[in-house]
Structures are given as structure tokens and as C-alpha cells.
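Notes to accompany the following structure.
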Amino acid sequence: MLRLVLLLMPPLLYAQRQFYENKFTIGALFTKDDTDVELAFKYAAQWHSLYSGEGTSYNTITRRLPQGNTFASSKIVCNMTKTENRLIAIFGPDSLKTSAMVQSICKKLEIPHIQTSWQPSTNYPPIIALNFYPAADLLAEGFATIVKHMNWKSYAIAYQRDEGLIRLQGVLKIPESTDNPVTVRQVAQNADNRPMFKLLKMSGITKIILDCDTDEIINMLQQAKEVGLLTYPTSYLLTSLDAHTVDYSVLDTSANITMVRLFDPSNEQLVRHLKSWEVGEMRSNRQVTTTPETVRTDSALMIDAVNLLVEAVNHLNKTEIISPRAMVCEESDTWEGGYRIAAYMKEHRLPAPITGPIVFDQFGRRTNFNLQLIELNSNLVKATWCPANGTRLNITISAKQRQQMVLRSLQKQKIVVSSKIVDPYLMELNASHASDSLSSRYEGYAVDLIELIARELNFTYVFTITESNGNYDESSGLWNGVVGDVVNGVAQLGICDLTITHQRRQAVDFSNPFMTLGISILYKKPTPGEPNMFAFIDPLAQDVWMYTATAYLGVSVVLYLIARMAPGDWENPHPCEENPTELENAWNLGNALWLTMGSIMTQGCDILPKGISSRMAVSMWWFFSLLMTSSYTANLAAYLSKERLGVSINSVDDLVAQNKIKFGTLINGSTYEFFKESNYSKYQAVWNKMSGFKPSTFVGKNNEGVRKVLNKNQEYAFFMESASMEYEISKQCELAEIGDWLDSKGYGIAMPIDAPYRGEINSAILKYQESGALQTLKKKWWKDLIKKEPCEIEETDEKKDEGLKLANVGGVFLVLGFGITVSFCIAVAEFLWNVRSIATQEGVSYWTVLKSELKFAVNFWVTQKAVRAEVKEPASPPEADQNEDPDDKVFETQGSIFNLQILPRISTNRSGSTLS
């Protein structure tokens, strides 16, 4: 028997030794009750003991450390290392303060220290330590990349603990943050943070990065909801890696909430481990309520950490047996296997880890992981990021999927549209205007436009009315009107005659312009001035008329003198006589005046000069006459039309140059700001003059400015946007647009900054622009629904009145009548003078000659006149008749203007003597 015992003893001792050497202990330290992490730690080690097939078993021990008491915690840790003979590693704790103490003990004893919670990167840990949580600086870089790709132009950072600023240090270092305002606020735990959220809302901030404990997320968002900062399209980025485990159904929110997670809850290994939890706890009559969707990051990290530790120990134990032993903190005792395990864990790659690829640097910091971006109530991963990507975000959804997500968010709620009552954009519903499919009591261009967009994107809407487009109050720093509603979250869209300006663009985003316009001048149509009978004189200035008349007289005299001196103008009076004794010159002063007058009147003359010098002089006068007559004719029509239309303005230069017409614009509107902020000298002059009028010429509403323009008791011009001006002109025929556009801009739909649905609205607007629907819509409200008969009648009248009236050209008739009257008077005087001359020369009574000449003159059928005319004297006594010579009955009418041929021929020789 003794021999049998001696023979069996060595194998039994070897087996006992082998069993003892293949059994290890793993310790874990906790500072708070965290059932899930403890279950993950316990059953991960247990699973390897039961199912790994390596022949090793792993025992787990846990200890609770008092928070904030590092001395008591150090005693607990040292007691663990002293009493546990097979301790190969220590996990935890998650407290920053206590963790540093535990790390120090593990470093001294050279026991691997493994962590699964966030730690700052300010101090590099010893090489004996490993942290499965992503390195703080790399995680901060990931958050910064996400924020950059969100294209947030203005946002706020709300953090709970100071370490939150370390997690977000990458966001705070974004270069664009100097251009895009970033507000940083700290929130208090278990306190009322509504004033802070209300202040953010009043500042127009709708993008918030929230860094707080996972258990505080619902409380924070609930307070934000109470102040109206949790409505669509307000956006939140939650930095907690466990934010996806929270139930948000209690919020009933339509806000965009983006979360970041480290692993996929549907991971097969995770599901398998959860099953082992349920089975193990069922043996103890305990129930596990954790589901894959509610597993927190530290639990998943704990599973990966235990798996990697066990694999490392199993592999190392095959090459060289690992022999851990109890160690005392107070002694200079170290375990030679600790560094070996830590170094192998840093180099070994765990196959298919739950939390993604696990890679460590030389200090045990995790440098490889995958961040997944997901939206609230959606398991669809929008994008991923890993440190190897740098500043590039890997988008995992298609553009169509993104659009579908945006549209689903848009369609889940009723969109509030802010506008103001202004014709024809928004008006009280008129029964005579049959608008289709309108769910509100308003009508107009804005209603039809939003109706088209709503049909395209399949969302519902409701209008809220405000008083103005939106002005910025520098004293309070707040916006009012339509822009204020969008900034404050009262409305998701703002639509009216809202001009896209740089200042407004800083507060809200705008869609693509749905209407292009510019600033122009609204003024009354020119009214006819007082008729001027002598308007035909206006084409030439008074001094030109004087110079022309002087030139006429001067040239006539000069021509007379030249003709007297020019040999070519002395002619033979008898062409049949080859050698005349005297020559004749036809150019007396009267003929010279007649030639120059006929030339300037473009009628010519019956006699022309024959000398070289005289022809030269006449040619120059003809050239002068041609230019003067052509210039007068060209300008006559323009001046007569100007006289008919009266005085008017044609441009902004004309408006600034005069002092009779005052002008203004809508106060605090985009046109007002355009002139106020312009650096162009012309527009500065407009602003200086416009702002200096007393009383003020600025108006509160456009229709008030239109009324001032139409007021006949004052001269007023109104700077107005062309689209609204076109509508007013179509209603009021007395109005007219003056000059060209001073600028070019557009009306857009306002929405919160970085609104996710901006692209969809832009696509809808572009579609309707290309199809012509927007042009049809404008035609409907600018022309089709406006009664145009008055304007059409006036246009017809204008066409009839295109000809010049008698009042405009009456002076020409007056001159004609005056000239004919004067010429007739001269003719009468000439006739009477001739009668007197005949009566004197012939010794006949004046009345006898007058009667004879008048009798002949009224015989219109007589076309010839005798050289001598008979004058019948009254009957005389017979004696007188017998003594009188019959030749005395006939006299020569040498003074008659009809019988010039009986005058003696008088010639003037070259010496100036008279021959008869």
C-alpha cells in the first residue's frame, strides 16, 4: 500500500500544481454601484473559465472604494494585493482622484492596471497601465471633426464638469470659431438651468453641444424644452458615448439630436455576453433588465478588456508559466510577470472586439477606435470617424438617405411660418380670389409659394403674423419681426418681401432667391406743363438766335459789298449786243437780304452770284444754313415733347441735384440700410440729403410712402424695391418707376442657421424656377388679380395725345399770321402810295385813280394789265370838252406796281452815272 501511495504521489502533486498554476484572480475596484459593469466583469471572466478550452480558470474579486478618501482606498488596494496570491491585474476605478492612487500602487508592485473610463491626457500613464477608453486628445479631435462637418456657423457649448472642456478642447480650437461665434456656458447638476437656456434662445442660438453625465441628459433637455429650445430645427450634439442608451420618448421632441457611440448594440458578441448575464443571474433568482440597446460603453469596454487580458495570459502561460504571488505595498516587492502581460496586451490584437479595433501606444492609451454618428430614434449610422481619418469624416449614408431623414423630421410636425400683412405677399383671404388648398385665412404670393414647397416636401404649416421684416436693436442685441421669430425659434420659416442682406445673413440662413429685384425710384408720372406758344424758340438758346440774326444781317451786307467788287457779277444788260457800253449789277442790298433769307429758309432764290468771291461767300453761308437748320429741326421735336410732358426727374442724379422734390425710404429697412452703409459717393450724397430733411421723409410702411408720392399737394419721391414698386404701379396708373436699379438683390425664405432642410427647400425653389411656376405665380398676383381698366384707358388717351396740341405750336401760327398781316398791310400801303403817285403825276383826283385801280384789282378773271389805263373823269361842260385834247384822257401809269414795264429804262454804268 505504501508503495502504491509513493507511486501515485508525484502525479497527484503535479496535477495539483498544474491546477493551482492555471487558476488566476482578477481584481476590480468600484466607487459606485454599477451593476452592469460588475456583471460584464464577472461573466466575461467566468465565460473564459467555462468555455475557453485553455484549461485555465479565472476568479474575480471586487472591492468598493470610498469616494474622495484616497487613504482608505489605498488600504483596500494594498490589502487585496496582500491577501490574493494569484492576482494578475487590477481593473478600475472610474474616479479620477482614486484612479491615480491605484495606478501608483500598481506601478510600484508592477501589477497591470487596466481602466475602462475616460482619463485626461495631461500626464502620460506608466507603461504598466492600459486604458481601453479612447484617448482624451484623440476623442477631442473626433468631436472637432464632427462639428466641422456639421457646418455649424454659430453654436453654444454647455458643459457640466470641468473635464468637459478637455473633451471639447478640439472644438474650442476650430479655426473658424473666430468667425463663427461660439458661446460657452456651464450647467449645474440638479439645478435650474432654464435661465441659461432661455438666454441662448434669445441670442438666436439653435445649435448646442451638450456635455453632461448620461443620467442628466433628460433633465437638461427637459429644461431646454420648457423655454422652447427643443423644437425643430434646434440641433443638439451629445458628447456622452452612452447617450444612445437613454429613452427620449418622455421629451416628445422634434429637435435634431445627434449622438456618438463607440459600438453597435447589435454586435453578436455583445448579445452572447448578455445571454450569459441572464443565465448566470437566473441561478441566483435575479433578473437582468439590460438590453443590447441600453448597454453602456464602460460595460462593453470591460468585456473587451477582460477578453484581451485572458487571451494574453493564456498565450503567455503556454510559453512560460505565469506565477503571480501576494505582495505587500510597504515592502520593496515587485512582480516580474506584470510588465510581460502589459507589453503583450499592447501588441496583441483581439479578434472581433465589441468596441471596434483596439490599438495602444507605448503608454497604454487607446489610439484606435470608431466613433459612430446616429440620430435620435434612428439606428442608422450617418457617419463614422477614426483617428486614422484625421479631419475627414466618413459619410456612411447616401444623399438620398440623408434627404429621407430630413424629410421625415420635417413631416413629423407642423412648420410655423412667420410673415407680415403686406400686399400682395400676404393678405386677408378675399372670397373673390379663389385660392386652392389653403388651410389658413390668408392669401397672397407668400401663401402660394409656401403651398408649392409644402406639396413638394409633403409637410404641413401654419402662419404666424408679425409687424415687420426684421430689424436689429443694437441696444438690446435682439431681432424683431420675421427675422426675430426665426432667430427665437418661434417659427421655422420666414417668408414675405424679405431681402437677403449681410446683416440678416449673420442671424439666419436664407434659401436661394425666389425673386430678383433692385432699388429704384417711385414717382408720379410727369404732368403736362403750362402751354408755351413760342416753344419753337426753345431748340436754340437766346444768344444763338441773336448771333444767327446778326450773322444774317452781316453776311447780307458783306455779300452786297463783295458783289459790287466782284467783276463776275457785272453783266451785259443786252445779251444781243456784243460790245455793250455799260454793264448792269443785280445785287443791291435787297437782293442780298433775299438770297441769305432764302438760303436759311432752305427755299433758294431766283438770282445767284456769278463771281468767284461772291460764290465763295454764299457757299459758306449755305454751309452755315445747312447746319443751323438741321440742328434746329432735330431738336424741335424733343423740345416740343418736353414742353408737353412738363418738368420731371430721370435718375438719382437729377433727384439729388434739385431741391424741389423731397425723397425718402422705409425706415430701418434694407433700402434704408443700403444708403446708410454705402461707401459710394453718389449714394452717400443721397443719404446725407435724405436724412437731413425736416420733417423726416422716412416712412414706417411702404403704402405710406406710396400715399405721399400720390399726394398732389407735395412733391415726393420714394426709394423702393422694384418688386413691390411693380405691384403698386400696376394698381395706380399715376405712378412710374424712375431710372435704373441702384443695386441687385433677392427675396429669400429665412430659416434658422444650419437648418437641415435648407437644401430641400432650395431644390424645391430651383425646380419651380425652372418650370416657370414662380413666374406664373408672380403674374397671378401682380397682374391677373388686379383691375387694369383705368390704366388701359389712360394708356389709350396717351396714344391719342401723342400729337402736339395747338397750344404747343400756336406760336408758329401766330408768327405766320403776324407776318401775313404785316405783308398785307405793306401791300395796302404800297397800293395807296402808288395811287397817290399816279394821281399827282397825272393831275387826276386821288379818288378817281383809287376807284379805277380797285375796280381792276377785284376783276380776278383779268390776268393782263394795259400799259396805259383809262381814267374816266366826271362829265364836264361841252366847252371844256371841245377845247380839251383827247390825249389828255389817257395817262401813263408809270407808278403802278402792275405796270413796271412802262418805266423808263435806267441803267447804271460802271462809273455809277445814270443813263435814260
Under the 3.5 angstrom rule, does the side chain of N480 hit a backbone N or O of N471 as a donor-acceptor pair?
yes
Within the distance-only criterion (no hydrogens, no angle test), does the side chain of K689 pair as donor or acceptor with the backbone N or O of V656 below 3.5 angstrom?
yes
Flag, side chain of E443 to backbone of M427, donor-acceptor distance under 3.5 Å
no
Taking the side chain as every heavy atom from C-beta outward, state whether Q403 and L407 have any pair of such atoms under 4.5 Å apart.
yes
Residues in ring pair (Phe, Tyr, Trp, His ring centres under 6.0 Å) contact with Y680, at least two apart in sequence or another chain
Y683
Would you confirm whether the ring centroid of F674 sits within less than 6.0 angstrom of the ring centroid of W687?
no
Applying side chain to side chain donor-acceptor pair (under 3.5 Å), can you list everything that pairs with N469, at least two apart in sequence or on another chain?
K420
Examine distances only and state if a side-chain atom of E728 and a backbone atom of S724 form a donor-acceptor pair shorter than 3.5 Å.
no
Any pair with a residue in residues 738-758 that passes ring pair (Phe, Tyr, Trp, His ring centres under 6.0 Å), sequence neighbours left out, goes on the list, sorted by first then second residue, please.
Y232-Y757, Y425-Y747
Taking the side chain as C-beta and beyond, is there a heavy-atom pair between Y155 and V147 under 4.5 Å?
yes
Table please: side-chain donor-acceptor pairs of residues 703-712 below 3.5 Å, with sequence neighbours left out.
unit_1: E704; atom_1: OE1; unit_2: G700; atom_2: N; d: 3.3
unit_1: N711; atom_1: OD1; unit_2: N713; atom_2: N; d: 2.9

Please answer whether the main-chain N or O of T499 pairs with a side-chain N or O of K745 as donor and acceptor at a distance below 3.5 Å.
no
Quick test of your reading: applying ring pair (Phe, Tyr, Trp, His ring centres under 6.0 Å), list the pairs with at least one residue in residues 464-501, sequence neighbours left out, ordered by first then second residue.
Y472-W479
Checking the side chain of S630 only, and the main-chain atoms of L627 only, is there a donor and an acceptor separated by less than 3.5 Å?
no
What heavy-atom pair brings I495 and F463 nearest, and what distance separates the two atoms?
CG2-CE2, 4.5 Å
Does a side chain donor of either K207 or N256 reach within less than 3.5 Å of an acceptor in the other side chain?
no
Quick one, I729 and L522 - any side-chain contact, counting heavy atoms below 4.5 Å?
yes
Evaluate the side chain to side chain donor-acceptor pair (under 3.5 Å) criterion for residues E673 and T501: first the C-alpha distance (whole Å), next the side-chain angles of each, then the deciding distance (0.1 Å), finally the verdict.
CA-CA 9 Å; E673 296 295 333; T501 64; over 6 Å; no
Are the side chains of L230 and F197 in touch, meaning some heavy atoms are under 4.5 Å apart?
no
Ignoring hydrogens and angles, tell me if any N or O in the side chain of Y716 forms a donor-acceptor pair with the backbone of T697 under 3.5 Å.
yes
Minimum side-chain heavy-atom gap I765-L774 below 4.5 Å:
yes
Could you check if a side-chain atom of L199 sits within less than 4.5 angstrom of a side-chain atom of T183, using non-hydrogen atoms only?
no
For G739, is there any backbone N or O sitting under 3.5 Å from a side-chain donor or acceptor partner on S651?
no
Side-chain contact test, heavy atoms from C-beta onward, threshold under 4.5 Å: evaluate it for F718 versus M725 and give yes or no.
no
So L655 and I738, do their side chains get closer than 4.5 Å, heavy atoms only?
no
Only one of D653, D743, D654 forms a salt bridge (charged side-chain N to carboxylate O under 4.0 Å, His left out) with K682, so which one is it?
D653
Exam field: side chain S722 to backbone S520, donor-acceptor pair closer than 3.5 Å
no
Is a donor on one side and an acceptor on the other found under 3.5 Å between the side chain of R758 and the backbone of S511?
no
Are E726 and K783 close enough, and set up right, to give a salt bridge (charged side-chain N to carboxylate O under 4.0 Å, His left out), and what steps lead you there?
CA-CA 10 Å; E726 183 180 349; K783 295 182 179 180; 5.1 Å; no
Aromatic contact between F693 and F663, with the criterion being ring centroids under 6.0 Å apart: yes or no?
yes
Within residues 762-774 or reaching into it, pairs that qualify as side chain to side chain donor-acceptor pair (under 3.5 Å) - sequence neighbours excluded:
E456-K767
Evaluate ring pair (Phe, Tyr, Trp, His ring centres under 6.0 Å) for W782 paired with Y445, printing each intermediate quantity in order.
CA-CA 9 Å; W782 265 253; Y445 181 89; 5.6 Å; yes
